[in-house]
Amino acid sequence: MGATHVTVRITNPAAPDRFWEGLFLVDTGAADSLVPRQHLEAIGIEPEGKRVYELADGSEISVDVAVAKIEFMGEFVGGTVIFGEANAEPLLGVTALESVGIEVDPLSQRLKRLPAVRLKGLVGLQ
């Protein structure tokens, strides 16, 4: 299987004119998105807390996290971003994808829009 990449803009919610844009690896095994720390700090996003994540090998790490505006494919979502190491590849996690109704097509390995964002189990919205 090939890797899927997408251009993503990370914006500081407190200063919408401050953003960083880069090519992100789509990682459906990651819940949240990861951005190298220097890019988040350059746009004024500071850690708001720490979160423990389990890695693919089963080990756990505690990392700094914050909230940012995540934009890709003409969509946007407010989401958790992980402060990654300077040389880390930016990752777009599955939470951001699902929040805007986009998924990875397993055959073509391309991102595709769902006809509608999934919103199951809620009654009385209409």
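Between the side chain of Thr11 and the main chain of Pro13, no donor-acceptor pair closer than 3.5 Å is present.
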Indicate every side-chain donor-acceptor pair of residues 75-94 with a distance under 3.5 Å to a residue at least two apart or in another chain.
unit_1 : atom_1 : unit_2 : atom_2 : d
Glu75  : OE2    : Arg113 : NH1    : 2.9
Glu89  : OE2    : His5   : NE2    : 3.0

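Put simply, Val35 and Ile43 are part of the same group of oily side chains (I, L, V, M, F, W, Y) that touch within less than 4.5 Å, one to the next. Under the 4.5 Å side-chain heavy-atom criterion for Ile, Leu, Val, Met, Phe, Trp and Tyr, Met73 and Val100 are members of the same hydrophobic cluster. Hydrophobic clustering (side-chain heavy atoms under 4.5 Å, transitive across Ile, Leu, Val, Met, Phe, Trp, Tyr) groups Val26 together with Ile10. In the hydrophobic clustering of this structure, Phe24 groups with Ile102; members are Ile, Leu, Val, Met, Phe, Trp, Tyr whose side-chain heavy atoms approach within less than 4.5 Å, directly or through other members.
Rounding to the nearest 0.5 angstrom, the gap separating the CH2 atom in Trp20 from the CG atom in Leu40 is 8.5 Å. Between the NZ atom in Lys112 and the CD atom in Glu103 there is a gap of 4.5 Å [rounded to 0.5 Å].
Taking all atoms of both residues into account, the shortest heavy-atom contact from Val65 to Tyr53 is CG1-OH, 3.9 Å. The two residues Ala14 and Pro16 come nearest to each other via the heavy atoms C-CD, 3.8 Å.
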*Stepwise side-chain contact (heavy atoms from CB on, under 4.5 Å) check, Arg110 with Thr4*: CA-CA 6 Å; Arg110 294 179 186 254; Thr4 303; 5.9 Å; no

*For Val67 and Glu48, run side-chain contact (heavy atoms from CB on, under 4.5 Å): C-alpha distance rounded to whole Å, both residues' side-chain angles, the deciding distance at 0.1 Å, then the answer.*
CA-CA 8 Å; Val67 174; Glu48 297 178 43; 4.0 Å; yes

*Would you sort out whether Ile61 and Leu55 count as a side-chain contact (heavy atoms from CB on, under 4.5 Å), showing the intermediate values?*
CA-CA 8 Å; Ile61 59 169; Leu55 301 177; 3.9 Å; yes

*Check the pair Val8, Ile70 against side-chain contact (heavy atoms from CB on, under 4.5 Å), reporting the backbone distance first and the verdict last.*
CA-CA 7 Å; Val8 177; Ile70 303 169; 3.8 Å; yes

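Contacts classified as salt bridge (Lys or Arg N to Asp or Glu O under 4.0 Å) and involving residues 19-36 (residues at least two apart or in different chains) are given here: Arg9-Glu21, Asp32-Arg51.
A donor atom on one side chain and an acceptor atom on the other are not found under 3.5 Å apart for Glu54 and Ser59.
In summary, Lys50 and Asp64 engage in a salt bridge, as defined by a charged side-chain N under 4.0 Å from a carboxylate O.
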